[in-house]
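What follows is a single structure, written as structure tokens, with notes after it.
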Number of protein chains: 2
Amino acid sequence: MARNRATLADVARRAGLSKTAASMVLNGREGTRLSTEAHQRVFAAAEELGYRPNVAARSLRTRKTATIAFVSDIVATTRFAGGLIRGALDAARERDHVLLIAETQGDAAFEQYAIEAMLDRQVDGVIYAAMATRRLAVPPAILNGPVVLLNATSPENLPCVLPDDERAGRTVATALLEKGHRDRIALLGRNRLKEREPGVSLAAQARLQGIRDTLSAAGTTLLAEAFCSDWLPEHGYAAMRSLLGRSGRPSAVICMNDRLAFGAYQALGEAGLAVPTDISVVSFDDDPIATWLRPGLATAALPHEQMGRRAVEILLDGRTTEPTLVPMPLRRRRSIAAPAS
Amino acid sequence: MARNRATLADVARRAGLSKTAASMVLNGREGTRLSTEAHQRVFAAAEELGYRPNVAARSLRTRKTATIAFVSDIVATTRFAGGLIRGALDAARERDHVLLIAETQGDAAFEQYAIEAMLDRQVDGVIYAAMATRRLAVPPAILNGPVVLLNATSPENLPCVLPDDERAGRTVATALLEKGHRDRIALLGRNRLKEREPGVSLAAQARLQGIRDTLSAAGTTLLAEAFCSDWLPEHGYAAMRSLLGRSGRPSAVICMNDRLAFGAYQALGEAGLAVPTDISVVSFDDDPIATWLRPGLATAALPHEQMGRRAVEILLDGRTTEPTLVPMPLRRRRSIAAPAS
DNA sequence: TCACGTTGCTAAACTGATTTAGCAGAGCAT
DNA sequence: ATGCTCTGCTAAATCAGTTTAGCAACGTGA
């Protein structure tokens with residue numbers, strides 16, 4: 001790969017100047033007293049030779065590689081991850097950086113290996129990302145340099161980027177209140193483990209909090225709360241069936257994520273109930289299926305691209321110790337309407 | 001990042017030997033006549049200092065970085081992409097390599113930039129991936145070194161890795177024939193553009209071919225073929241409705257991908273038809289929704305991880321010019337059954 | 001006229017590894 | 001004693017850049 005590349009020495013020779021001069025000109029150094037003519041000759045030579053600096057050689061001296069490590073637990077390969085990487089990639093490109101990616105697969109040995117592999121390559125910083133928003137333990141090896149946690153927090157109080165789940169809870173509840181729902185709002189997807197263990201999830205607790213605060217500020221409470229052992233469609237399906245089995249059918253259901261909502265749609269369809277005329281549904285995440293469902297599912301979007309972008313910005317531009325909360329905008333789709341009765 | 005790292009010189013000093021000796025021992029060079037004792041001293045020193053070689057320095061000399069560029073059009077951020085990256089990452093790790101990733105976003109300027117950024121970092125090879133299986137033009141800059149196309153072919157006959165869509169077509173059709181379907185099999189998702197333009201898709205043509213060959217070998221043909229302007233759920237929904245509107249309802253439908261199948265499920269649900277008792281459905285891709293649908297959707301899986309893995313293997317281990325076709329295994333789920341009548 | 005500052009540039013050191021060429025000493029045969 | 005090979009090791013070059021230190025020529029004021 002990359003044979004026959006012109007070197008700085010080639011450029012200097014062609015320009016009839018020293019390597020020093022060529023280096024300074026090409027790096028746009030201020031305060032060198034090189035003549036305008038020297039500048040022109042160097043630029044011309046570089047152009048003619050198609051000169052591109054060798055990053056390895058440069059970084060050997062400068063200890064900067066313009067490379068960021070993006071290490072994730074298993075985020076890199078899930079449907080939710082795309083946006084994180086895309087946002088990070090975009091922001092990195094704007095700053096002339098590239099991304100080295102690695103996955104730990106939740107395995108300590110892999111993690112150790114991955115991090116060493118990145119550090120060996122002299123990355124300028126590390127973005128440590130989690131698939132589920134949660135609290136985690138950061139491997140000590142990366143604490144020597146700049147780190148930003150993405151979709152995670154840690155006991156060390158490192159700079160981190162998180163979705164604003166609590167506000168999303170408020171947004172979602174408010175959307176229902178605005179349509180006239182009040183005392184017949186049910187919640188689907190309570191889960192003790194996710195709510196109590198920050199190491200498992202931070203979203204569950206925050207979303208619940210936001211929802212409850214908003215309803216209680218409006219002088220009401222949840223009509224019913226269905227528990228789910230996980231947040232997959234099958235659990236949403238079962239939970240929705242159980243909600244429908246109780247007396248007092250809700251006018252609206254808040255699902256803790258879109259996959260649950262998908263399951264809920266299935267149960268509603270089987271029960272012959274129409275969304276949103278019989279029952280409104282609103283949710284969190286903005287998974288691609290949210291647009292595929294009929295009617296489209298209103299949902300508070302996880303701002304993955306924004307988050308990935310912010311992580312790079314914080315890493316390269318500015319240190320912030322307070323957590324950065326990225327808003328989760330509500331995607332208004334046809335699944336919410338005024339209650340029937 | 002990576003301050004205070006011990007260098008080879010530190011190791012050599014501590015072992016009381018020269019850098020040359022230390023380098024040779026640590027690289028396990030054969031034929032050096034260094035004593036067993038020298039070996040032990042070097043290993044001990046390296047261990048004690050936590051020595052890790054500086055890849056930039058090494059690659060400056062050896063022109064190998066143990067780094068692979070993974071450049072995609074927009075594959076890195078889609079739901080389908082995860083597996084490609086995961087497989088590549090896995091295979092790379094097994095060979096002590098890491099992945100630099102970049103996205104061209106289908107933009108020639110971005111592509112140029114991304115490729116130069118990778119080449120500047122002296123990558124050992126490039127994997128050039130496409131989101132949709134298709135034929136594409138490879139940017140000349142990467143032709144100087146090893147390249148493998150992933151999910152794509154090119155006029156230059158470069159080594160490439162593709163899913164075996166034609167065989168998948170046969171697999172899918174055979175699955176229906178085996179259940180007893182024969183003269184009432186419909187196809188949903190014909191699309192002239194995808195079938196005719198290799199630059200748009202290679203899958204459509206290949207899948208169609210496999211299906212037709214199999215049915216014709218069984219002495220039958222497709223009962224009906226519904227065209228779709230794209231392969232999204234809404235198109236599947238509309239196409240399924242139009243199929244049901246015709247006289248002679250099919251006993252089974254083959255959908256060109258899972259998103260179409262999802263739309264088809266929606267239309268069937270609305271029409272009060274049950275899968276698979278009234279109508280069997282089978283499809284391609286094995287998108288996550290295939291498991292979420294009720295009943296689960298039988299589908300020929302795009303072997304993303306395998307493909308990513310193979311791409312790295314071919315890049316690093318062996319040159320093959322013939323396209324590598326990776327089988328698409330049928331995920332048997334409850335959406336296919338014997339026809340009702 | 002000469003010290004001094006400015007201008008325009010360069011030689012050489014340096015980064016951390018690999019690799020080539022070769023040296024010193026021991027053992028052995030002649 | 002001399003020449004030879006073998007053993008065990010090292011000095012120095014090299015990769016492609018950046019950076020430090022400083023040189024030569026020229027103008028200027030005293």
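Lettering of chains follows the sequences in order, A, B, ..., and the numbering in each one begins at 1.
Residue B:R63 places none of its side-chain N or O atoms closer than 4.0 Å to OP1 or OP2 of C:dT18. Of the side-chain N and O atoms in B:S23, one or more sit less than 4.0 angstrom from OP1 or OP2 of C:dT18.
Place B:T20 and B:A56 on DNA chain C by their nearest nucleotides, and B:A56 ends up nearer the 5' end. Positionally, the nearest nucleotide of DNA chain C for A:K19 lies more toward the 5' end than for the other of A:K19 and B:M24. If you find the closest nucleotide of DNA chain D to B:L60 and to B:S18, the one lying nearer the 5' end belongs to B:S18. Positionally, the nearest nucleotide of DNA chain D for B:A21 lies more toward the 5' end than for the other of B:R61 and B:A21.
Residue B:S59 places no side-chain atom within donor-acceptor reach of the base of C:dA17, judged by atom type and a 3.5 Å distance cut-off alone.
Near DNA chain C, meaning a heavy atom under 4.0 Å from it, residues 28-46 of chain B has B:R29 in order of number.
The stretch residues 142-160 of chain A participates, sequence neighbours left out, in no salt bridge (Lys or Arg N to Asp or Glu O under 4.0 Å) pair at all. Within the structure, every pair that satisfies the salt bridge (Lys or Arg N to Asp or Glu O under 4.0 Å) test and touches residues 35-46 of chain B, not counting sequence neighbours, is listed here: B:E37-B:R41.
Within the nucleic acid shown, B:T7 comes within 4.0 Å of sugar-phosphate atoms alone, with no base atom in reach, counting heavy atoms only.
Remark: P of C:dT18 and CG of B:N54 are 10 Å apart, rounded to the nearest angstrom. For the pair B:K64 NZ and C:dT18 C1', the computed distance is 14 Å after rounding to whole Å. The separation between B:R13 atom CZ and C:dG16 atom P is 11 Å, rounded to whole Å.
With sequence neighbours excluded, no residue forms a salt bridge (Lys or Arg N to Asp or Glu O under 4.0 Å) with A:R121. In this structure A:I314 satisfies the side chain to side chain contact (heavy atoms under 4.5 Å, CB included) test together with A:V148, A:P159, A:V161, A:R310, A:T320, A:T324, sequence neighbours excluded. For the salt bridge (Lys or Arg N to Asp or Glu O under 4.0 Å) test, no residue two or more places apart in sequence or in another chain qualifies with A:E30. Residues meeting the side chain to side chain contact (heavy atoms under 4.5 Å, CB included) test with B:N157, sequence neighbours left out: B:T321. Among residues two or more places apart in sequence or in another chain, the salt bridge (Lys or Arg N to Asp or Glu O under 4.0 Å) test is passed with B:R93 by B:D90. For A:D10, the salt bridge (Lys or Arg N to Asp or Glu O under 4.0 Å) partners are A:R13, not counting sequence neighbours.
We find the NE2-OG1 distance between B:H97 and B:T65 to be 8.0 Å, quoted to the nearest 0.5 Å.
For the helix from C:dT1-D:dA30 to C:dT30-D:dA1, the terminal axes (five pairs an end, C1' atoms, rotation from four pairs onto the next four) enclose an angle of 80°, given to 10 degrees.
A salt bridge links B:D120 with A:R52: the distance from a Lys NZ or Arg NE/NH1/NH2 to an Asp or Glu carboxylate oxygen falls below 4.0 Å.
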Side-chain donor/acceptor pairs under 3.5 Å, residues 129-137 of chain A, sequence neighbours excluded:
unit_1 : atom_1 : unit_2 : atom_2 : d
A:T133 : OG1    : A:N151 : OD1    : 2.6
A:R134 : NH1    : A:G199 : O      : 3.3
A:R134 : NH2    : A:D73  : OD2    : 3.4

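Along DNA chain D, read 5' to 3', the first and last nucleotides having any atom under 4.0 Å from a heavy atom of chain A are D:dA16 to D:dT20.
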